[in-house]
J.: 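Mind having a look at this structure? Questions to follow.
Naming convention: chains lettered A, B, ... in sequence-line order (proteins, then strands); numbering from 1 in each chain.
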Amino acid sequence: MLLAGVSRRIPAGSEGRSPRSVAKLTKRSEDYSQWYLDIVTRAEMADYAPVKGCMVIRPWGYAIWERMQRALDDMFKATGHVNCYFPLLIPQSFLQKEAEHVEGFAPECAVVTRGGDKELEEPLVIRPTSETIIWAMYKKWIQSWRDLPLLYNQWANVVRWEMRTRLFLRTAEFLWQEGHTAHAGQQEAVEEAERMLGVYRRFAEDWMAMPVLAGRKSEGQKFPGAVTTYTIEALMQDGKALQAGTSHYLGQNFARAFDVQFQNRDGQLEYVYATSWGVSTRLVGALVMSHSDDAGLVLPPRLAPLEVVIVPIPKAGADNAAIEQAAYRLAEPLEGKVRIRVDDRDNVSPGWKFNEWELKGVPVRIELGPKDLQKGQAVVVRRDTGQKMPMSQDAAAFEVPRLLEEIQSSLFAKAKARLEANCRSADSYDGFKKVVERDGGFVLAPWCGSRECEGRIGDETKATIRLISDEAEECPACMLCGKGPARRVPFAVSY
RNA sequence: CGGGGCGUAGCGCAGCCUGGUUAGCGCGUGUGGUUUGGGACCACAAGGUCGCGGGUUCGAAUCCCGCCGCCCCGACCA
């Protein structure tokens with residue numbers, strides 16, 4: 001019989017589903033890129049849509065995104081932001097008002113030219129980002145310093161017509177959040193941009209268990225229209241860097257473009273200071289590539305749609321009803337505390353279930369068979385290490401929440417160790433090229449700050465400057481041009 | 001846009017070169033039964049515009065022409 005409160009349902013993505021393919025995943029060592037795609041598709045996180053470059057986010061992938069959204073949204077609210085929604089379609093002329101912005105985004109805009117059966121008077125751009133339409137509206141809402149700051153965020157989809165796409169990492173349409181704030185002072189706006197980068201960093205570390213480097217982007221890699229772009233950069237298991245979140249101090253660029261002025265305390269008109277900041281469904285891809293292994297996805301418990309799955313193991317001649325009942329009894333005290341389900345499907349074998357839940361990255365599995373029942377125990381298995389821990393059923397109830405926390409911090413520790421092990425230094429350009437080629441990862445090397453050197457290094461090695469840190473070590477000479485002063489900045493081949 | 005590969009059942013493929021019964025195999029799917037501690041087994045069954053359009057031919061998945069789409073690798077990017 002069912003115990004009260006414990007759902008029988010296998011959650012989104014596997015609702016009483018039958019088995020499908022049994023093909024093995026591509027191994028990381030064989031083809032990293034294919035390994036990634038295998039996990040994303042086989043774990044049923046996403047699938048290719050009929051339109052090139054577009055993807056369907058399936059329930060298992062979307063559930064991860066929902067958990068990310070919730071955590072981030074709470075953090076945004078805790079820092080004083082409110083949610084709102086601006087429209088998908090933007091008059092093309094809006095994009096053109098900010099010179100760098102239009103230059104940056106025009107090449108990748110999808111444009112609507114027809115409505116119904118009529119040609120539109122002015123083409124409408126499907127938002128690649130919303131600064132322009134938001135600042136057009138801010139003009140209406142801001143008159144005085146008393147109207148400021150405006151701390152707005154929206155959860156939305158955007159479209160960027162990319163040449164080359166990859167599930168989650170780069171798709172023509174993606175989901176994200178974009179914060180857009182307006183401030184009465186430069187200092188305050190800069191602080192906001194830095195604060196939100198801090199939020200992203202904390203989210204990456206505390207929720208995704210993904211350590212990051214944080215800093216500013218070089219002039220050449222700034223967001224189109226930004227004065228300063230801040231970034232967090234993560235390191236994937238193949239040694240490539242991934243930009244995981246950005247925050248921009250926009251200065252008065254958009255306020256000027258849209259003529260948004262406010263009267264300051266002294267009664268003078270002044271352009272409003274702006275920031276914007278965003279993270280996207282790319283984070284789901286980052287998550288996959290941070291922790292997963294050759295058996296499939298490995299999820300940090302805090303973002304796992306399902307944290308614990310209990311697999312009852314029936315046996316001929318055993319009291320299988322009792323086994324299943326014990327499984328539900330085991331789950332009951334944990335319901336509400338952790339996301340837990342009993343996988344009582346009878347059309348697949350326990351072995352199948354083990355593999356499937358490992359593929360899907362569920363952090364903890366509890367096996368419960370006749371032998372366990374006799375001993376009053378259950379076998380608790382960690383997804384991240386594979387470690388099997390027999391423990392009494394009573395102990396499991398209070399051990400499991402602790403174990404989940406342990407897994408969360410252990411994933412972070414492991415990823416951090418990997419990041420640190422993959423931060424190397426080079427002083428000469430020859431040495432730099434060697435390290436980039438042989439080891440990958442972040443390579444810290446002296447750079448004079450010129451766009452020319454940055455560009456040439458990028459062209460010749462594929463490694464780009466990921467960020468510039470305030471604590472960057474000063475060096476006498478750039479590794480390329482030999483001029484000084486230079487700073488030591490992390491380069492990496494990136495996604 | 002350049003280079004490479006592919007398009008035949010839900011998935012993975014064979015067949016094509018050398019045209020010819022009713023287009024095949026594995027996995028999966030449905031039903032019934034036995035099973036279940038690391039991807040179980042038996043029986044029966046369902047499932048196909050051979051990417052699209054044209055041509056050659058008595059006859060085309062197969063040969064010819066055109067088109068479309070997708071994937072992978074490069075140039076733009078969260």
Side-chain angles (χ1 to χ4, degrees), chain A residues 17-26 31-34 36-37 41-42 47-54 103-109 128-129 157-178 200 217 220-224 229 231-234 241-248 276-286 295-296 311-318 320 323-324 343-359 365-373 377-379 381 386 388 390 458-459 462 464 494-495:
Chain A
R17 290 271 327 288
S18 304
R20 296 240 186 255
S21 170
V22 288
K24 290 271 178 277
L25 293 174
T26 304
D31 184 346
Y32 189 83
S33 169
Q34 191 56 49
Y36 170 79
L37 292 172
T41 53
R42 292 276 308 287
D47 202 351
Y48 294 98
V51 176
K52 186 178 168 68
C54 293
E103 196 187 324
F105 284 107
E108 53 188 60
C109 280
T129 179
N157 58 338
V158 287
V159 168
R160 297 182 186 175
W161 217 257
E162 301 290 351
M163 300 182 200
R164 191 156 136 55
T165 57
R166 227 131 115 64
L167 296 178
F168 285 115
L169 297 176
R170 178 170 302 109
T171 46
E173 178 187 6
F174 58 92
L175 304 183
W176 76 344
Q177 68 48 227
E178 45 183 327
Y200 288 157
K217 279 291 186 190
Q221 293 187 62
K222 280 185 329 193
F223 174 80
T229 288
T231 180
I232 53 169
E233 300 279 329
L242 182 80
Q243 182 171 309
T246 50
S247 168
H248 318 287
S276 68
W277 28 274
V279 293
S280 71
T281 37
R282 167 179 267 197
L283 289 180
V284 178
V311 179
I313 297 157
K315 208 73 177 182
N320 292 330
I323 292 170
E324 193 174 306
D343 185 352
D344 62 2
R345 286 176 293 176
D346 59 3
N347 60 333
V348 283
S349 67
W352 180 280
K353 294 174 185 176
F354 298 166
N355 283 285
E356 184 179 23
W357 292 119
E358 281 169 9
L359 175 62
R365 175 178 77 238
I366 303 179
E367 304 172 13
L368 198 59
K371 286 182 241 163
D372 301 308
L373 221 55
Q377 69 166 29
V379 180
V381 188
K388 295 193 178 190
D459 291 344
K462 298 269 171 264
T464 50
S494 76
Y495 274 94

J.: Between rG15(B) and rC72(B), how far apart are the C1' atoms? Round to whole Å, please.
T.: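 After rounding to an integer number of Å, I get 25 Å for this pair.
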J.: Taking the same atom, P, in rC77(B) and in rG39(B), what whole-Å distance lies between them?
T.: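 Their P atoms lie roughly 49 Å apart.
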J.: Starting from the 5' end of RNA chain B, give me the residue, Pro224(A) or Leu359(A), whose nearest nucleotide shows up first.
T.: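 Its nearest nucleotide being more 5', the pick is Leu359(A).
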J.: For Glu358(A), report the nucleic acid contact type (base, sugar-phosphate, nothing); a contact means any heavy atom under 4.0 Å.
T.: base
J.: Hunt down the Watson-Crick or G-U wobble partner of rG66(B), both distances under 3.5 Å, from any strand shown, or write none.
T.: rC52(B)
J.: Which part of the nucleic acid does Val158(A) contact within heavy-atom distance under 4.0 Å: base, sugar-phosphate only, or nothing?
T.: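 Contact class for Val158(A): none.
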J.: Reckon Leu37(A) touches a base, only the sugar-phosphate, or nothing at all at heavy-atom distances under 4.0 Å?
T.: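 Counting heavy atoms under 4.0 Å across all strands, the contact made by Leu37(A) is with sugar-phosphate only.
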J.: Using whole Å, what does the distance between atom C1' of nucleotide rA78(B) and atom NZ of Lys217(A) come to?
T.: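 So the NZ-C1' distance, Lys217(A) to rA78(B), works out to 10 Å.
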J.: CD of Glu367(A) versus P of rU36(B): gap in Å, rounded?
T.: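 Distance, rounded to whole Å: 15 Å.
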J.: Is Gly369(A) touching bases, backbone alone, or none of the nucleic acid, heavy atoms closer than 4.0 Å?
T.: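 The residue Gly369(A) makes base contact.
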J.: Check Arg160(A) with Glu173(A), please: is the shortest side-chain N to carboxylate O separation under 4.0 Å?
T.: no
J.: Rounding to an integer number of angstrom, what distance separates rA61(B) and rG19(B) when you compare their C1' atoms?
T.: 10 Å
J.: Can you tell me how far P of rG51(B) sits from NZ of Lys52(A), to the nearest Å?
T.: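 Going from NZ in Lys52(A) over to P in rG51(B) covers 20 Å.
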J.: Is there side-chain contact between Gln177(A) and Val279(A), with heavy atoms separated by less than 4.5 Å?
T.: yes
J.: Nearest heavy atom decides the nucleotide; on that basis, is Ala172(A) or Ala316(A) closer to the 5' end of RNA chain B?
T.: Ala316(A)
J.: Taking Glu367(A) first and then Arg365(A), would you say they form a salt bridge - that is, a charged N and a carboxylate O separated by under 4.0 Å?
T.: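 Result for this pair is yes, salt bridge flagged.
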J.: Tell me what Glu162(A) touches on the nucleic acid: a base, only sugar-phosphate, or nothing, going by heavy atoms under 4.0 Å.
T.: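 Result for Glu162(A) = base.
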J.: Strictly by Watson-Crick or wobble contacts shorter than 3.5 Å, is anything paired with rC41(B), and which nucleotide is it?
T.: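 In the structure as shown, rC41(B) has rG33(B) as its Watson-Crick or wobble partner.
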J.: Return no unless some side-chain N or O of Thr246(A) is found under 4.0 Å from OP1 or OP2 of rA78(B).
T.: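 No.
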J.: With a centroid cutoff of 5.5 Å and a plane-angle limit of 30°, would you call Phe174(A) stacked on rA78(B)?
T.: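 Phe174(A) ring centre within cut-off of rA78(B) base, planes near parallel; stacks.
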J.: What is the nucleic acid contact for Pro314(A), judged by heavy atoms within less than 4.0 Å: base, sugar-phosphate only, or nothing?
T.: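 Base, at least one base heavy atom under 4.0 Å.
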J.: How many Å lie between CD1 on Ile323(A) and P on rU36(B), as a whole number?
T.: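 After rounding, the gap between these two atoms is 11 Å.
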J.: For rG74(B), give its Watson-Crick or G-U wobble partner with both distances under 3.5 Å, or none.
T.: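 Here rG74(B) is engaged in a pair, and the nucleotide opposite it is rC1(B).
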J.: Pairing check on rC58(B): which nucleotide meets the Watson-Crick or G-U wobble criteria with it, both distances under 3.5 Å?
T.: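 Result: rG20(B).
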J.: Rounded to the Å, how far apart are Asn320(A) CG and rU34(B) P?
T.: 13 Å
J.: Between rC68(B) and rG32(B), how far apart are the C1' atoms? Round to whole Å, please.
T.: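 Result for the C1' pair: 45 Å, nearest Å.
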J.: Just to confirm, is there a sub-4.0 Å distance from OP1 or OP2 of rA75(B) to any side-chain nitrogen or oxygen of Lys462(A)?
T.: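 Result: yes.
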J.: Suppose you measure atom P in rU8(B) against the same atom in rU62(B); what distance do you get, rounded to whole Å?
T.: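 Approximately 14 Å lies between the P atom of rU8(B) and that of rU62(B).
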J.: Could you tell me whether the side chain of Thr229(A) and the main chain of Phe223(A) form a donor-acceptor pair under 3.5 Å?
T.: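 Answer holds: yes.
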J.: Over 60° means perpendicular and under 30° means parallel, so tell me whether Trp277(A) and Tyr200(A) are parallel, tilted or perpendicular.
T.: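 The rings of Trp277(A) and Tyr200(A) stand perpendicular, inter-plane angle above 60°.
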J.: Which listed nucleotide (rG37(B), rC77(B), rG38(B)) is nearest to the side chain of Ile313(A)?
T.: rG37(B)
J.: Can you check the distance between rA60(B) and rC76(B), where both ends of the measurement are the C1' atom (answer in whole Å)?
T.: 44 Å
J.: In whole angstrom, give me the gap between the C1' atoms of rC44(B) and rG51(B).
T.: 34 Å
J.: Check the distance between rA75(B)'s P and Arg166(A)'s CZ and give it to me in whole angstrom.
T.: 13 Å
J.: Compute both the distance and the angle, then confirm whether Arg282(A) meets the cation-pi test with Phe168(A): under 6.0 Å from the six-membered ring centre, within 45 degrees of the axis.
T.: no
J.: Just how far, in rounded Å, is C1' of rG74(B) from CZ of Arg164(A)?
T.: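 Result: 8 Å.
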J.: Nearest of rA40(B), rC71(B), rG74(B) to any side-chain atom of Tyr48(A)?
T.: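 Looking only at heavy atoms from C-beta outward on Tyr48(A), the closest nucleotide is rC71(B).
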J.: Taking the side chain of Met163(A) as heavy atoms from C-beta outward, which of rA75(B), rG38(B), rG39(B) is closest to it?
T.: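 Out of rA75(B), rG38(B), rG39(B), the nucleotide with an atom closest to Met163(A)'s side chain is rA75(B).
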J.: Base, sugar-phosphate, or nothing for Ser247(A), non-hydrogen atoms under 4.0 angstrom?
T.: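 Counting heavy atoms under 4.0 Å across all strands, no contact is made by Ser247(A).
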J.: Below 3.5 Å, does any donor atom in the side chain of Glu356(A) face an acceptor in the base of rG39(B), or the other way round?
T.: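 Per atom types, no contact qualifies.
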J.: Roughly how many Å apart are rC25(B) and rC64(B), using the C1' atom of each and rounding to a whole number?
T.: 30 Å
J.: Would you say Ser33(A) reaches rC73(B)'s phosphate, i.e. side-chain N/O to OP1/OP2 under 4.0 Å?
T.: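 It does, given that an N or O in the side chain of Ser33(A) lies less than 4.0 Å from OP1 or OP2 of rC73(B).
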J.: Classify the side chain of Lys353(A) versus the base of rG37(B) as yes if they form a donor-acceptor pair under 3.5 Å and no if they do not.
T.: no
J.: May I ask which nucleotide in the shown strands pairs with rC11(B), Watson-Crick or G-U wobble, both distances under 3.5 Å?
T.: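 Paired with rC11(B), as far as the under-3.5 Å criterion goes, is rG26(B).
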J.: Assess whether a salt bridge exists between Arg42(A) and Glu356(A), defined as any Lys/Arg side-chain N lying under 4.0 Å from an Asp/Glu carboxylate O.
T.: no
J.: What is the distance from CG of Leu175(A) to C1' of rA78(B), rounded to the nearest Å?
T.: 12 Å
J.: Quick check: Tyr495(A) with Tyr36(A) (ring centres under 6.0 Å apart)?
T.: no
